[in-house]
Each structure stands twice: as C-alpha cells, then as structure tokens.
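Per chain, numbering begins at 1; letters A, B, ... match sequence-line order. In what follows, every heavy atom counts, from backbone to side chain, and hydrogens, waters and symmetry copies are set aside. It should be emphasised that the depicted structure is a prediction, and the values quoted were computed from it without experimental measurement.
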Number of protein chains: 2
Amino acid sequence: MDKKESILEATLKLTTEIGWVDTSTSLIAKEANVGMGTIYRYFESKEQLFYDLFIRLKQKLNEIVISSFSFEKDPFDNFENVVRNLLLYYTENMREFRYLETYSDLTSEIPERIDDTLLPLEPITNFLNGWNNSFQLKPLPIDVIFGLIYGPLVAIANLVHMKKLVLTDQIISDISEACWDSIIVKN
Amino acid sequence: MDKKESILEATLKLTTEIGWVDTSTSLIAKEANVGMGTIYRYFESKEQLFYDLFIRLKQKLNEIVISSFSFEKDPFDNFENVVRNLLLYYTENMREFRYLETYSDLTSEIPERIDDTLLPLEPITNFLNGWNNSFQLKPLPIDVIFGLIYGPLVAIANLVHMKKLVLTDQIISDISEACWDSIIVKN
DNA sequence: CGCAGCGGAGTGAACGCTCACTCTAAGATA
DNA sequence: TATCTTAGAGTGAGCGTTCACTCCGCTGCG
C-alpha cells in the first residue's frame, strides 16, 4: 500500500478514535507501519498533514453531493436523493464525518473559520432556484434554508453514530420530508 | 474577582479564541492574572478544569431551556419561545456555544461520548407529549424529532457567528415555524 | 556499486505539574 | 491599641516527560 495513503488513513483513524490531543506523529507512524521520518517526506508538518486530509475529505464529500443531483426527476425525489446520499455517506463513513466536523475546531484561526460550510452550496442553490415553477420556497435567506437542511442531517448522523437510531429507507424518507416541509410553502 | 472564576473565564476565552491545542496552563494563568500553581489549588488537572467548565456551561444551558417552558400558553407560542431563548443564548454567548459544541471532540473517550445531547431532553419530550390534543406530532422517534429542532438551531447560530445572518424577530419566528412544520402533521 | 527511499534514535523546545517559599490578614496576647 | 503568631492562599522557577521534527545510517533495487 502507498505510504502516503497509509499515513492519511492512520491520521483519520487516530484523530477520530483516540482524539486530536493524543494523536502524536510517532503514533501515526506506528499505526501506518511507517518510520517517523517518512511522514516528513510526504508532508511539510503535522499541521499540513491534518490540513491535507481535511481538503481531501472535503473534496470527496463535494463529489457525492454534486453527483446526487439529476434535474430530470421530480424536485422532491431529487431532494430526497441528495438527503439520502448525504445521510448514507455520513453514517457509513463515521470517521470521515467526524474529522470534517471537528477539524475546524482544532486551531481556530478566527475570524476566518476554515470555510463557510462543508458542503458545496452552488449546486444546492441552483437546484432550489431552478425549480421555482414546481414548488415555492419559503422567503428565507438561502443560508437559513441551507441550515434547515444541513443541521438536521448532522444531528441525525450523530444519532446513528451513537447507536440511538438505525437508518431505514422509511426513516430517510421521513427525514427528507421533514426537511422539505420546513423550507417549502404548502398549498 | 474570584480567582477560580478568573481561571474558568480565561479558559473559556482562550480555548475558543486561540483553539484547544494552543491553550496551555501557563497561558491560562497569564490570562487570568493568576500564578500557575493557583490553577492547581482549584482544579485537579488541566483535563479536570476543562471538564468542570463544560459541566458548568451545560447546567447554565439546561436552566435556560427549562425556564423557557410555560405550559399555560399556546403550544406553538411556547415552542417559539424555547427556540427564541436558545437562539439568543447561542448567538449572544458565542464562546459558551463554541465551547459546548467542541468540548466533546477534544479527547473522544469512545464509545461513551460525553453525553447524548447538550440539551435536557425531558422537558422537551414532556412538552411534545403533553400537548397531544392540540397538535399531531409526526410518527418519528423522539430523538429524530429532537434532531430536527436542535440541528437547525446549531446551524443558524453558526451563521450568526460567521456574520452571515443577523437575527431579527421576524427571522426567529420564521425559523421556529420552519422547525414546527418539520415535526408537526398539517391538517 | 551507487543511490533513492526509508526508519527510528536523537534533539531541543514546550508542556503539565510540583513544591518550597512568600505574603496577607485574622486571632491571640498583653 | 500595638505587636506577635500562624494558617493557608498564592506563587513561579524548576522538574520530568512528551512532543514535533531532524538527520544519518541502513536497505534493496537496477
């Protein structure tokens, strides 16, 4: 296996399993079956390693969201599909989810937090604007609309990770519908 | 000013402003205008100090939620009042909010995460069950219902902290209504 | 043999925490 | 009232440890 990949994988595993504070470079090296020095062949510093992993995971997430859209379907079906893909990704990739959620709290370089949001807003915004004929969005700032969707997803993913909820098709549908109800004007 | 209070205040300030990693005991002492050793008069260890602060902030939050309920009013008004108080607390006390949100990610003692949720579930559950005559809750697990309320609140609070949203009475009402719509069956 | 890739002992800096000491103020004595 | 005694809060230099990072010798392929 690629040494660089091993290091990234080990970092993801350790930070999410034993916590940021206890994840030292020597532990990462041991977990990756790699010498300490090898880490510094591939990464400038520990900080840069953490950052590189963050960027990589974020890009992977973006791809999932973007590929979930298909404008040929019914708006709600399409919405449900995005919610489903995100929920499944978050629940089936707990470590990736946790890393993304907690990375920005590590070294909070205020006031500019790492990035406004983990998800790519444009495709979602385009979706919400592009279907204006078939449903009516509540007159709220787009960021609020987005928060009403993303917030519950994070909360639900945490529930699953804490084993307080098992995701079924029914539950996913219900959650999609709940989010939909919160942002759409009902006739 | 009470030395113990100074230490807790300095810890809250530093962890949220310069990040967990860079917050050392000597920095806390300097920020609190206190000798290094004084910290260890009041707290067993650095870890215990962080934990004590977490518990204290959590209790404060619980009191706010509990005191927001008054069962004499209209169910939606009551719901809106809780949402309003929580949003205002979270936005007006950014450091408290950030500390509570990120503490559990510090040293993730899996599998038992610090606590299931930041908020006291009982009063909310009681509220949701107690008004069954005047509105119909969607048939979802109570944890999911809770996530549908709490998730958006966290997302909105983050928006305000990033200065991407200014809370007005109107926005708060709209958000309350959105959350309400997501969990209540409309006739 | 030569050299690119790698490992891990070594290094200085920074950390959490201790402990011998200072200082303050309340109580005791006269 | 003036002075002495003393308890204990407060202090910060220093200790041992751990950390991120370096550097040099080893390995194995061409």
Side-chain angles (χ1 to χ4, degrees), chain A residues 1-57 95 98-99 102-110 114, chain B residues 1-57 95 98-99 102-110 114:
Chain A
M1 189 183 178
D2 193 315
K3 304 253 174 195
K4 188 176 178 184
E5 291 304 314
S6 296
I7 293 166
L8 287 166
E9 172 64 23
T11 304
L12 178 60
K13 186 177 183 197
L14 289 173
T15 50
T16 52
E17 290 188 1
I18 69 169
W20 291 95
V21 170
D22 296 330
T23 300
S24 62
T25 46
S26 53
L27 257 183
I28 292 172
K30 192 177 286 179
E31 177 68 32
N33 289 316
V34 140
M36 275 257 286
T38 310
I39 291 173
Y40 292 88
R41 295 198 80 69
Y42 295 106
F43 303 96
E44 256 182 29
S45 63
K46 191 194 182 191
E47 201 181 1
Q48 188 67 39
L49 160 61
F50 285 173
Y51 180 73
D52 284 0
L53 179 55
F54 174 73
I55 292 298
R56 170 182 292 229
L57 294 179
R95 294 184 301 168
R98 290 236 74 81
Y99 191 94
T102 62
Y103 172 80
S104 57
D105 299 320
L106 227 208
T107 34
S108 57
E109 53 247 15
I110 32 148
I114 301 302
Chain B
M1 187 184 178
D2 194 313
K3 304 256 172 193
K4 188 176 179 184
E5 290 305 314
S6 296
I7 294 165
L8 286 166
E9 172 63 23
T11 304
L12 177 60
K13 186 178 183 197
L14 288 173
T15 50
T16 52
E17 288 187 1
I18 71 170
W20 292 95
V21 171
D22 296 331
T23 300
S24 63
T25 45
S26 52
L27 257 183
I28 292 172
K30 193 177 286 178
E31 177 68 32
N33 288 318
V34 140
M36 275 259 285
T38 309
I39 292 174
Y40 293 89
R41 286 212 153 272
Y42 294 105
F43 304 97
E44 255 182 31
S45 63
K46 190 193 182 191
E47 202 181 358
Q48 189 66 38
L49 161 60
F50 285 173
Y51 180 72
D52 285 359
L53 179 54
F54 174 73
I55 292 298
R56 170 182 291 228
L57 294 180
R95 295 184 299 169
R98 290 237 73 81
Y99 192 95
T102 62
Y103 172 80
S104 57
D105 299 319
L106 226 208
T107 32
S108 57
E109 52 247 15
I110 33 154
I114 301 304

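Residue-level contact check: A/Phe43 touches neither bases nor backbone, having no heavy atom under 4.0 Å from any strand. Within 4.0 Å of A/Ser24, counting heavy atoms only, lie sugar-phosphate atoms of the nucleic acid but no base atom.
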Query raised in the report: Should A/Glu17 and A/Arg98 be marked as a salt bridge (Lys or Arg N to Asp or Glu O under 4.0 Å) after you check the CA-CA gap, both sets of side-chain angles, and the distance that decides it?
Result: CA-CA 10 Å; A/Glu17 290 188 1; A/Arg98 290 236 74 81; over 6 Å; no
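The side-chain heavy atoms of A/Thr15 and A/Tyr99, taken from C-beta on, include a pair separated by under 4.5 Å. Put simply, the side chain of B/Phe43 does not reach to within 4.5 Å of the side chain of B/Tyr51, judged on heavy atoms. Looking at A/Leu12 and A/Leu8, their side chains never come closer than 4.5 Å, going by heavy atoms from C-beta outward.
Taking side-chain N and O atoms only, B/Lys46 has no distance below 4.0 Å to OP1 or OP2 of C/dC15. Taking only side-chain nitrogens and oxygens, B/Tyr42 comes nearer than 4.0 Å to OP1 or OP2 of D/dG10. An OP1 or OP2 oxygen of D/dG10 is reached within less than 4.0 angstrom by no side-chain nitrogen or oxygen of B/Arg41. Put simply, B/Thr25 has a side-chain N or O that comes within less than 4.0 Å of OP1 or OP2 on C/dG16.
The interatomic distance linking A/Lys30 (NZ) with D/dT18 (C1') rounds to 13 Å, in whole Å. When the P atom of C/dG8 is taken as reference, atom CD1 of A/Ile28 falls 16 Å away, rounded to whole Å. If you take CD1 of A/Ile39 and C1' of D/dA20, they are 10 Å apart, rounded to a whole angstrom. Per the geometry, NZ belonging to A/Lys3 stands 18 Å off P belonging to C/dA4, to the nearest Å. D/dT18 atom P lies 12 Å from atom CG of A/Leu27, rounded to whole Å. The distance between atom CG of B/Asp22 and atom P of C/dG16, rounded to the nearest whole Å, is 11 Å. Between the CD atom of B/Gln48 and the C1' atom of C/dG16 there is a distance of 15 Å, given to the nearest Å. Between B/Tyr40 atom OH and D/dC15 atom C1' the separation is 13 Å, expressed in whole Å.
Of the residues near DNA chain D, A/Glu44 and B/Asn33, the one whose nearest nucleotide (by heavy atom distance) lies more toward the 5' end is B/Asn33.
Results of the side-chain contact (heavy atoms from CB on, under 4.5 Å) test with A/Thr11 over A/Ile39, A/Thr25, A/Thr16, A/Leu49 single out A/Leu49 as the only residue that passes.
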